S.K.: 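Structure provided below as structure tokens; questions to follow.
Bear in mind that the values here come from a model prediction, so they are computed numbers and not experimental data. Atoms considered below: every heavy atom in the structure, side chains included; atoms not considered: hydrogens, waters and symmetry mates.
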Number of protein chains: 2
Amino acid sequence: MSQQVKRADAQRSIAAILDAALACLGRNPEASVSEIAKAAGVGRVTVYGHFPSRAELVDAAFARAIEEGHAALDGVDLSGDPREALARLIASSWQLVDRSRSLLLAAQSVLPPGRIRALHAGPMERVEHLVERGRAEGVFRSDLPVSWLVGTMHSVMHNAADEIHAGRVQPEQAAGLITATVLSAFAAPPASPL
Amino acid sequence: MSQQVKRADAQRSIAAILDAALACLGRNPEASVSEIAKAAGVGRVTVYGHFPSRAELVDAAFARAIEEGHAALDGVDLSGDPREALARLIASSWQLVDRSRSLLLAAQSVLPPGRIRALHAGPMERVEHLVERGRAEGVFRSDLPVSWLVGTMHSVMHNAADEIHAGRVQPEQAAGLITATVLSAFAAPPASPL
């Protein structure tokens, strides 16, 4: 085989493994490398050839899911009142998180929180721009760093996934809870009693 | 040895292992079972006799740190304006989280978020009572479940630990950021534009 053919083969094999990883981890956060290899129609050795550990495979699958989700969010209208735009962005982002809850659990059990946040850099940049516009227009608070506010929204969304997993929140309640919490947290602070 | 002497020996050995685990994981979140055994003055086999896996040892050490922290928070004055009481509770709780950041990282890398939250049941109950009093007095919002608000505070505090780890927040800024965020998130929502 030429080098070029080998490279094309390897790319197809990686794509099939990632497809299989997304499908298997999307059903069961503890899906094993053997199960994923079987679903991809390749051997375990081939999987380990591309991804030296299960954690690296989960990382790559999670990265692809976020990339696809980020592209899907291109369709959200972020114009107009920044609070309404943020509510629309939360509703659409939450749909993606909700569909990926099993994958998120898989990621949380093998990747540190810092890595999970780093993989969200693209989607978080979108929130960042919206927060900056809202601050410029005086509807979001300017007394806390933008990166802190974006991290707060990220944590509140992932808290919703945990609360659903624990049975304390129903999936259909989550977007409303997240929006109500984040809009208050981002609002200019009320006259403080302190 | 009598059964009683054996039991007392086992208890001393477990206590020494947990002391060593807290010391080692408090310096290095990736401290190994061998390092912890050495610091405790016992063999690895003894550690595994009490804690079948590193994750179970981290779980037990983390549980003990939370229990000690929970006892330390008994001294916080929770009377008076619930917002001021919450600010005092956040400041004291954050000191504990800040001192335990290395241990928290160790826990986050081997325990799922649901387990980490479950281990905080004691401290969270204290927040729950304060939130309920604040709702009864009309200063905290009543439109979202209490458990959701408590989970939000938990997430915001752990987000602060992650932000410090990532170098985006300085440790001395954290209590102020957490308090400003949580007090807004817990306030009765402002007149909504939506």
Side-chain angles (χ1 to χ4, degrees), chain A residues 29 81-84 86-88 104-106 108-118 139 141 143-163 165-169 173-174 176-190 192-194, chain B residues 29 81-84 86-88 104-106 108-118 139 141 143-163 165-169 173-174 176-190 192-194:
Chain A
D81 186 308
R83 289 162 293 196
E84 294 179 30
L86 186 65
R88 286 192 296 270
L104 178 63
L105 275 176
Q108 286 172 327
S109 70
V110 294
L111 306 177
R115 177 65 187 154
I116 290 180
R117 162 137 185 189
V139 297
R141 67 198 303 168
D143 60 332
L144 305 181
V146 172
S147 63
W148 171 266
L149 294 176
V150 174
T152 297
M153 173 169 149
H154 176 81
S155 312
V156 170
M157 292 190 69
H158 284 188
N159 179 51
D162 297 340
E163 292 292 282
H165 187 64
R168 281 186 294 264
V169 163
Q173 300 175 282
L177 293 172
I178 298 164
T179 305
T181 307
V182 170
L183 282 183
S184 293
F186 281 18
S192 166
L194 305 185
Chain B
D81 185 309
R83 290 162 292 195
E84 295 179 30
L86 186 63
R88 285 191 295 270
L104 177 63
L105 275 175
Q108 285 173 328
S109 70
V110 295
L111 306 176
R115 177 66 185 153
I116 289 178
R117 164 138 183 187
V139 297
R141 68 198 303 167
D143 60 331
L144 305 181
V146 172
S147 63
W148 171 265
L149 294 177
V150 175
T152 296
M153 172 167 151
H154 177 82
S155 310
V156 170
M157 291 190 72
H158 284 187
N159 178 51
D162 297 340
E163 291 292 284
H165 187 62
R168 281 185 294 264
V169 163
Q173 300 175 280
L177 293 172
I178 298 165
T179 305
T181 307
V182 170
L183 282 182
S184 293
F186 282 18
S192 168
L194 305 185

S.K.: If you count heavy-atom pairs under 4.5 Å between each of A:Val182, A:Ile178, A:Val110, A:Leu105 and chain B, which one has the most?
M.R.: A:Ile178
S.K.: Can you give the donor-acceptor pairs under 3.5 Å from side chains of residues 152-160 of chain B to other protein atoms, not counting sequence neighbours?
M.R.:
from     : atom 1 : to       : atom 2 : distance (Å)
B:Thr152 : OG1    : B:Trp148 : O      : 2.9
B:Ser155 : OG     : B:Gly151 : O      : 2.8

S.K.: Nearest 0.5 Å, what's the CZ-CZ distance between B:Arg83 and B:Arg88?
M.R.: 12.5 Å
S.K.: Flag the one option from B:Ala118, B:Ala185, B:Pro145, B:Pro112 with the top tally of heavy-atom pairs under 4.5 Å to chain A.
M.R.: B:Ala185
S.K.: Between B:Arg117 and A:Arg168, is any pair of side-chain heavy atoms under 4.5 Å apart?
M.R.: yes
S.K.: Output the option from B:Pro29, B:Pro113, B:Gly114, B:Gly176 having the highest count of non-hydrogen pairs under 4.5 Å with chain A.
M.R.: B:Pro113
S.K.: Between B:Leu149, B:Leu111, B:Leu144, which has the largest tally of heavy atom pairs under 4.5 Å with chain A?
M.R.: B:Leu144
S.K.: Find the distance between CG (B:Leu86) and CG (B:Asp81) and round it off to the nearest 0.5 Å.
M.R.: 10.0 Å
S.K.: In terms of heavy-atom proximity below 4.5 Å to chain A, should B:Gln108 be classed as side chain, backbone, both, or neither?
M.R.: both
S.K.: Heavy-atom cut-off 4.5 Å, strictly under: side chain, backbone, both or neither for A:Leu104 against chain B?
M.R.: neither
S.K.: Would you mind telling me which of A:Thr181, A:Val169, A:Leu177 has the largest number of heavy-atom pairs within less than 4.5 Å of chain B?
M.R.: A:Leu177
S.K.: Measure distances from A:Ser147 to the heavy atoms of chain B and classify the residue's part below 4.5 Å as side chain, backbone, both or neither.
M.R.: both
S.K.: Do you know the tightest heavy-atom contact between A:Arg141 and A:Ala187?
M.R.: CB-O, 3.5 Å
